[in-house]
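In what follows, a single structure is set out as structure tokens and then discussed.
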Amino acid sequence: MQMPDDLPDLSLSENAELVLRKRYVRKGPEGEEMETPQELFWRVAAAIAASETAYEQTPFSQEALARRFYDLMASCRFFPNSPTLMNAGTELGQLAACFVLPVGDSMEEIFDAIKYAALIHKSGGGTGFSFSRLRAADSRVGSTGGVASGPISFLRIFNTATEQVKQGGTRRGANMGILRVDHPDILEFIRVKEREGELNNFNLSVALTEDFMRRVEADAEYPLIAPQSEKEVGRLRAREVFTLLVQKAWESGDPGIIFLDRINRDNPTPQLGDIEATNPCGEQPLLPYEACNLGSINLSRFADAPAQELDWEGLRESVHLAVRFLDNVIDASVYPLPQITDQVKRNRKIGLGIMGWADLLYQLRIAYDSRQALSLGEKVMDFIQKEARSASKDLARERGPFPAYADSVFGKQNLGPYRNATTTTIAPTGTLSILAGCSSGIEPLFALSFVREVMDGERLVETNPIFRQAMEEAGCASQRLLDEVARKGTVRDMELVPDDMRNVFVTAMDIDGEAHLRMQAAFQKYTDNAVSKTVNLPHEATQEDIRHIYWLAYEQGCKGVTVYRDGCKSVQVLSTEESR
Ligand code: ADP
């Protein structure tokens with residue numbers, strides 16, 4: 001489709017343009033830019049609108065729809081996940097960010113998984129694996145009479161393979177490795193990232209269950225089960241394992257935990273199997289060979305600051321259009337394996353989420369760590385989930401329900417039909433939030449002013465524009481103040497700043513761990529899949545603090561939790577000048 005010459009301009013910041021040029025714009029053989037940012041968004045909009053021609057019924061002309069998609073992105077109200085921006089309308093055409101691959105207990109299956117992961121990484125996607133089916137280290141190998149090397153040694157091979165597949169110079173490849181808490185090698189797994197740099201291309205999570213948590217509470221033992229024979233091969237005290245998990249998370253942030261039984265309770269298509277793993281950042285549980293594409297609405301674009309409200313009507317409209325966009329992405333995407341194509345097309349999962357939440361709270365002058373913020377969070381996500389489902393119902397009427405619908409939990413309870421087995425996920429939006437110029441996901445701001453290290457050590461300095469404007473309006477935006485903010489990152493203890501502002505403009509480090517966790521739980525209540533959130537803790541946080549957070553996550557119905565204690569690793573992605 002020819003790009004019309006009357007498209008509205010882009011509203012991108014300088015930093016956003018830099019990232020866009022470096023990472024997303026198509027390059028020629030000499031590294032020269034083959035498209036402008038405007039052409040990039042048109043390429044994506046046109047490709048995603050064109051995939052709709054496969055359906056008999058569509059309420060839009062192709063160009064009208066492409067224009068709407070273009071507007072949605074150009075105005076920074078919504079972005080699809082990075083692979084869609086990079087690859088839509090190109091030869092590669094792989095558009096999903098999240099994949100889960102099975103790892104079976106044979107050499108063939110293990111090395112197949114490594115090869116498949118390489119293909120996915122090459123296309124910009126991230127992979128999650130459960131290693132729980134691999135027999136334990138030192139158990140017998142029938143065919144050779146030798147002994148097995150166990151999940152941990154294979155994890156290292158996956159890690160090395162990832163290291164070698166640089167993703168076209170853009171993304172390095174991210175993985176999630178999961179092991180069930182009742183696997184015989186669990187203690188080694190919990191300790192494997194003790195040495196910094198070990199398994200650097202993996203996030204790790206231990207799969208817990210509610211039964212395990214009850215045993216922690218009762219200080220009881222639990223059985224270790226050999227994956228092949230399903231026989232008990234040992235016992236551990238649940239509380240000791242839990243304490244070790246807490247200790248390791250305190251030391252390095254790894255491993256995190258997920259509640260696998262909860263995840264499966266929300267599995268919309270149990271007839272197709274159990275969910276064993278999530279994508280790399282944990283927000284998207286998937287079946288083996290399943291992929292999912294995500295997209296995020298930038299809430300800060302829907303603030304009606306004078307009325308202290310949201311533009312609900314505008315939000316509704318964008319959610320409906322975004323769901324249509326993401327459903328089209330499924331058809332437009334070329335998946336790296338036929339098994340993946342089949343699984344994706346059976347369930348048609350999409351993950352619409354948000355970014356710019358902390359910015360919205362700033363705009364409405366609501367403190368992140370307040371009850372008001374929690375109830376607004378619930379209200380917003382409830383609204384988005386309802387509207388996303390209603391959009392998915394509309395699409396089901398137009399195009400039919402997802403093929404696995406009849407035997408799904410929706411089909412059985414007569415709840416649908418829906419076009420998509422899931423509609424909502426809250427992603428980290430690591431790069432998307434830079435493009436949109438907003439705070440990431442549902443995270444509080446790391447600092448009001450900070451240096452962001454992106455891509456090969458390049459540094460970007462950013463001061464939050466909402467904060468800056470508020471200071472100007474209050475007549476206290478002196479250079480001295482701004483320099484001080486750049487140094488400290490927070491204004492909580494700054495006398496130059498009026499009290500009410502100090503409460504509103506809080507940052508990740510001003511907020512206690514419990515407030516982080518409660519925000520995650522508030523959004524999880526209204527999210528089909530899971531919520532990406534890091535519970536940031538100060539350097540002085542104790543292991544007891546982490547234990548408390550883990551317990552709260554369990555009590556509050558979260559599907560997993562990741563904590564990060566400031567300064568526990570020598571390389572951090574975000575830092576203020578003072579902490580450098
Ligand atoms: P983005 O903002 O670039 O769209 P997110 O930070 O929201 O990405 O991450 C969403 C998902 O994308 C992750 O959970 C993971 O599945 C995938 N992903 C993120 N970063 C990478 C990476 N470097 N390599 C491969 N996949 C990635």
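Both ligands and their constituent atoms are indexed starting at 1 by order of listing.
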Which of the atoms in ligand 1, numbered in the order shown and given with their element, are less than 4.0 Å from a heavy-atom of [X]?
X	answer
G126	25 (C), 26 (N)
A427	7 (O)
C281	13 (C), 14 (O)
C98	16 (O)
G125	25 (C), 26 (N)
L432	1 (P), 2 (O), 4 (O)
N81	4 (O)
E283	10 (C), 11 (C), 13 (C), 14 (O)

*asked:* Any nitrogen or oxygen of A97 lying under 3.5 Å from a nitrogen or oxygen in ligand 1? Just yes or no.
replied: yes

Can you tell me which residue among T431, I434, T36, L40 is in a side chain to side chain contact (heavy atoms under 4.5 Å, CB included) with L20?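 Exactly one pass, corresponding to L40.
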
Side chain to side chain contact (heavy atoms under 4.5 Å, CB included) test vs P102 passes for just one of R133, E109, Q339, namely R133

OG of S13 to CG of L18, rounded to nearest 0.5 Å, is 9.0 Å

Q: Test L360 against F302 for side chain to side chain contact (heavy atoms under 4.5 Å, CB included), laying out the working first.
A: CA-CA 8 Å; L360 176 75; F302 297 89; 5.8 Å; no

| Which part of H121 is near ligand 1, with near meaning a heavy atom under 4.0 Å away: side chain, backbone, both or neither? |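 Looking at H121 and ligand 1, no heavy atom falls under 4.0 Å.
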
With backbone taken as N, CA, C and O and side chain as the heavy atoms from C-beta onward, which portion of N279 lies under 4.0 Å from ligand 1: side chain, backbone, both, or neither?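 Just the side chain.
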
How are the rings of F129 and F202 set to each other: parallel, tilted or perpendicular (split at 30° and 60°)? tilted

Original post:
What pairs with A46 under side chain to side chain contact (heavy atoms under 4.5 Å, CB included), at least two apart in sequence or on another chain?
Top reply: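 If we apply the side chain to side chain contact (heavy atoms under 4.5 Å, CB included) test to A46, skipping adjacent residues, the hits are M1, W42.
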
Original post:
Checking R67 against Y70: charged group under 6.0 Å from the ring centre and within 45 degrees of the axis?
Top reply: no

With sequence neighbours left out, the residues meeting salt bridge (charged side-chain N to carboxylate O under 4.0 Å, His left out) with D71 are none

